[in-house]
Every structure is written in structure tokens, then in C-alpha cells.
Amino acid sequence: MKLNSIKKLSVVLCLAACPILYTSCNKMLDLKPKDQVDGEDIFQSLSTVNRAVLGVYASWVPEYTLRIGSVVADECAIGLKNAGVNGDAQHLYRWSFTSFDPEILNPWTNGYQVINQVNRILEGLPKVPANSADEAAEKLKLESELLAIRAYEHFELYRLYASSYKSDALAVPYVTNNDVDAKPSRPTAAEFFSKLELDLNAALENSNDDIDITRMNRIAMNALQARIALYTGNWNDAVKYADKVIAARPLATINEFADIWKDKNNAEVVFKLKRTNQSTIRPGDIWKNAALGIVYFAPSQQLLDSYDQDNDIRYDAYFDHDPSLEEEGQLPDVIAKYAGEEGAENRNDIKIFRTSEMYLIRAEAYANLGSEQLAADQLNALRASRIEDYEPVEFEGAADLKAAIMEERLKELPFEGHRFFDLKRWGKSVVRKTITGQDVLSPADLYYYIPIPQAEVLSNPNIRPNNSSW
């Protein structure tokens with residue numbers, strides 16, 4: 001398959017997170033770091049295969065999608081000193097990006113790179129010896145993880161690059177083999193999800209309830225199923241799969257919540273990707289250059305104003321106020337969700353799935369099924385775990401309830417890469433309040449849709465761009 005960003009990708013399977021290297025936009029460098037296993041070597045034992053699977057997790061960079069999902073939306077204000085240092089991300093914020101920009105190419109490249117690694121391991125996995133029942137079970141578990149990762153990565157690419165979220169709209173290629181010379185076309189969303197469902201069902205057959213939240217276990221797969229059902233409008237499935245996750249992972253308490261964002265506990269975390277001081281990409285780097293002290297993006301005032309700042313524990317967990325920044329000509333309110341600790345600034349594990357998202361999915365599903373009281377119960381339960389001395393609220397009809405769900409997703413999930421895609425699936429405009437009025441990006445505007453990277457369009461004549469104007 002000739003996806004431009006993985007063309008000539010070497011057989012090596014990364015065992016540590018590393019930046020994507022290019023000599024140009026058309027060729028990945030075929031370099032082999034010392035800590036990699038390649039060729040047939042990885043299929044000699046389950047131990048080496050497991051190392052290769054860990055390499056897949058290590059090369060997974062959700063920060064790219066997180067950046068687009070937040071910066072294009074209304075969660076952020078651009079830093080007053082963010083000039084020239086962070087140019088490509090500025091293009092995202094100012095709705096002036098192009099299909100040539102690295103910020104547009106990087107998620108595509110990384111997504112299909114991870115998928116390619118998964119496919120290579122799956123292709124060789126049948127050759128791996130399993131000398132006992134325990135080894136045979138471990139082999140099936142690794143296969144299950146890989147299929148789930150492949151499903152997740154394809155869904156992330158769909159969220160980013162689908163022309164819309166309707167069943168007849170163009171999705172992205174669903175790749176299940178290692179034919180680097182193939183030139184696939186874009187399937188419809190219906191065709192895309194039929195393939196994704198096959199992967200997830202196969203993954204679930206041999207999944208388990210492993211408590212390691214850094215691996216794709218059954219509960220993480222259920223969370224992915226719930227999120228997919230939300231995007232496809234399958235409300236009964238959204239409730240069913242969210243139920244499974246909530247039963248297995250309760251919400252964090254008020255006392256536990258703040259420490260989630262300091263990586264001091266894993267309360268309500270369903271699945272996460274580890275970040276260490278050796279990680280070359282850290283989520284906090286999106287918002288602030290810790291070395292230079294430059295704030296790239298601050299929280300928008302409209303986001304800050306949406307909270308009960310005295311009683312909502314999310315406010316102090318997600319934001320900080322630094323008057324010294326204002327003295328330096330910068331915005332004094334900063335995003336603290338990924339601030340990290342001294343000596344490990346900007347470093348936090350990436351929380352891919354949390355239980356609170358499942359409550360919000362269940363609320364939206366119930367609201368769309370006409371079960372308004374059940375939907376209200378989800379919102380009130382979530383708020384009670386986030387707002388001190390919270391009293392349950394009664395909502396005035398379906399419209400009031402759905403508006404509350406939308407606002408609660410903004411308040412619960414900022415900077416986790418959901419906001420822009422939520423607005424897109426709701427068909428809502430991005431509205432940023434300004435001193436003089438507001439800036440609006442509507443579904444009729446060109447920049448409302450993330451383009452297919454131009455490098456891919458040029459290398460594959462079967463790939464149709466989202467808009468011929470790109």
C-alpha cells in the first residue's frame with residue numbers, strides 16, 4: 001500500500017518512542033536504532049513478539065490528534081508570544097492550514113505507521129511457537145491487542161479525515177495487509193466500519209480483563225466500542241458498551257480526581273499511554289515551551305467562564321493562574337492538565353479513555369433515545385463527582401438537556417482531543433468569543449474539514465481529497 005507517509009518503511013518495529021524522520025515529504029529514513037528488533041527475529045519467541053508489541057505502543061502518538069481536536073476548536077486562546085516558534089500549530093488555530101502542513105500530515109503518517117507495524121506482527125504471528133496452553137493463550141492475547149490497536153488507529157484517522165460522519169461519506173483506507181505498493185481508494189463510512197467491526201469482534205474473542213491499563217484489554221475495547229457507537233449514532237450500543245466500562249471502572253471521587261493529572265493515581269483511567277522523561281513527544285509541549293517559558297496556547301476565557309470556579313474541582317485540576325506571565329506580556333491563565341512535575345515538565349501519561357467519557361456517552365445516547373430522566377441521571381452523577389456540595393438539576397425538556405450534555409463534554413474533556421470532533425458530529429460551528437465580537441468557523445467553511453495530506457493525494461491517484469480547493 002503506497003500510503004505516502006509509510007512508503008519505504010523498514011521492517012523494524014520501534015521499541016521506544018521516536019520522532020518521525022523524513023529526508024523529504026516522500027521518503028521515510030530507513031534507519032535502525034540499536035534498541036529495535038527486526039525481520040524474522042521477532043517471531044522466534046513470544047518474548048520477542050511482546051517486545052515488538054510494546055514497540056507499537058511506544059510509536060503511537062495521539063498528541064497529534066489531541067492538538068487538532070483542541071486547537072482548531074474553541075478551547076484555546078493563542079499565546080501572546082506565540083509568534084514564529086510554533087508556526088504550524090498557529091495555522092491550525094487561525095484556520096489557515098493547508099494540506100501540505102506538517103500538522104496535517106503527522107497524524108496520517110503516525111496512524112498508518114502504527115497500523116503497518118501491527119500488520120507486520122500479525123502476519124508473522126502464526127509462526128511463533130507456543131509450547132504450552134499458557135503460551136497459546138498469551139499468543140492469542142497479543143493478537144487481540146494488535147487487532148484492537150488497528151481498530152483504534154483507523155477510527156482516529158476516521159475522526160480526523162472523514163469528509164463527514166454520515167454513513168455514505170468518504171472515510172479513510174482500512175489497511176489490513178503490508179502491500180506498500182497498493183493504492184487504495186477511500187471507502188464509505190459504512191464499508192469502513194464493517195471492516196473495523198470485524199477487527200474489534202475478533203479482538204474481543206481472545207481479550208481478557210487484564211488490569212494493566214497500559215494495554216488494550218477488554219474494558220478498553222468496550223470503551224472504544226462505546227465511542228464508535230456515539231459517532232455512528234448507534235445509541236443502544238453506546239449505552240450497552242458504556243455500561244460495561246462503568247461497571248468495571250467507577251468514577252474518581254472528588255478527593256482522587258486532581259491526582260489523576262499528576263499521574264499519582266489511575267482512578268477512572270480505562271486505558272492510557274505511558275510518557276517518561278525519555279519520551280520525545282509530551283502532551284504538555286502542545287501548550288507551553290517549558291524550556292523557554294513561552295505559552296503557545298492558553299485556555300480560552302469562554303472555557304474558563306463555563307466553570308463554577310469555587311466549587312468545581314476540575315477548574316484547579318485543569319488550569320493555573322500565573323501573574324508573573326502577565327508581567328512578561330503573556331496570558332496569565334495556563335493549561336495545567338499536562339503540566340507535569342518539576343524535573344518532568346509537560347510530561348503526563350495520555351489518558352485515552354476515562355470513565356467520565358462513558359457517562360457522557362451514556363447521557364447523550366439516552367437523550368437521543370428519548371429517555372430524558374436516565375440522561376439527566378448520568379449528568380447529575382458525573383457532576384456530583386466533580387462539584388462540591390452539588391445538588392441534582394432538573395432539565396426543562398430535551399433541548400435543554402442536550403445543551404447541558406454538550407457543555408458538560410466541554411468542561412470534562414478539554415484538551416483531550418474531543419472538542420472539534422464533537423462540534424463536527426453535532427454539525428455545530430466553532431464560535432470563539434473575542435473582545436470585539438466573535439470568530440466563527442461554520443460547517444459551510446473550507447477549514448471546517450481537515451484535508452487529506454497533499455503528499456498522499458499526489459502519490460495515490462485513487463485517494464480523493466476532501467475538497468478540491470486544498
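For reference, positions follow the sequence shown, starting with 1. Since the model is a prediction, treat every value here as computed from it, not as a measurement.
- In terms of the ring pair (Phe, Tyr, Trp, His ring centres under 6.0 Å) criterion, residue partners of Phe420 (sequence neighbours excluded) are, by chain and number, Tyr448.
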task: Could you go through the side-chain contact (heavy atoms from CB on, under 4.5 Å) check for Leu423 and Ser429 one step at a time?
output: CA-CA 7 Å; Leu423 293 171; Ser429 297; over 6 Å; no

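- Every residue two or more places apart in sequence or in another chain that forms a side-chain contact (heavy atoms from CB on, under 4.5 Å) with Glu345 is listed here: Ala290, Glu342.
- Here Ala344 pairs with Asn277, Arg347 under the side-chain contact (heavy atoms from CB on, under 4.5 Å) rule; sequence neighbours left out.
- Taking the six-membered ring where tryptophan is involved, the planes of Trp60 and Phe271 are tilted, since the angle between them lies from 30° to 60°.
- For Ser324, the side-chain contact (heavy atoms from CB on, under 4.5 Å) criterion is met by Asp322, not counting sequence neighbours.
- For Glu364, the salt bridge (Lys or Arg N to Asp or Glu O under 4.0 Å) criterion is met by Arg425, not counting sequence neighbours.
- Among residue pairs with one or both ends in residues 260-272, those qualifying as salt bridge (Lys or Arg N to Asp or Glu O under 4.0 Å) are Asp263-Lys351, Glu268-Arg354, Glu268-Arg386, Lys272-Asp349; sequence neighbours excluded.
- For Tyr158 and Tyr231, the ring centers sit 6.0 Å or farther from each other.
- Among residue pairs with one or both ends in residues 158-176, those qualifying as salt bridge (Lys or Arg N to Asp or Glu O under 4.0 Å) are Glu156-Arg159; sequence neighbours excluded.
- Listed by chain and number, the residues in a side chain to side chain donor-acceptor pair (under 3.5 Å) with Arg282 are Asp285 (sequence neighbours excluded).
- Only one option out of Arg419, Gln438, Arg432, Lys433 pairs with Asp74 in a side-chain hydrogen bond (donor to acceptor under 3.5 Å, both in side chains); it is Arg419.
- Listed by chain and number, the residues in a side-chain contact (heavy atoms from CB on, under 4.5 Å) with Ile254 are Ile313, Glu388 (sequence neighbours excluded).
- Applying the side chain to side chain donor-acceptor pair (under 3.5 Å) criterion to Ser442, with sequence neighbours excluded, gives Asp445.
- Atom CG in Asn50 sits 4.5 Å away from atom CG in Leu54 (nearest 0.5 Å).
- Partner Lys141 forms a side-chain hydrogen bond (donor to acceptor under 3.5 Å, both in side chains) with one of Glu145, Glu138, Glu143 and no other, that one being Glu145.
- Residue pairs meeting the salt bridge (Lys or Arg N to Asp or Glu O under 4.0 Å) criterion with at least one member in residues 292-308: none, sequence neighbours excluded.
- Between Lys288 and Val334 there is no side-chain heavy-atom pair separated by less than 4.5 Å.
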With a 3.5 Å cut-off and sequence neighbours excluded, list the donor-acceptor pairs that the side chains of residues 236-247 form with protein atoms.
| residue | atom | partner | partner atom | Å |
| --- | --- | --- | --- | --- |
| Asp243 | OD1 | Arg362 | NH1 | 2.5 |

Residue pair Glu416, Phe353: steps toward the side-chain contact (heavy atoms from CB on, under 4.5 Å) verdict: CA-CA 10 Å; Glu416 294 182 54; Phe353 293 113; over 6 Å; no

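- The number of heavy-atom neighbours closer than 6.0 Å to CD of Glu407, taken from other residues, nucleotides and ligands shown, is above 12.
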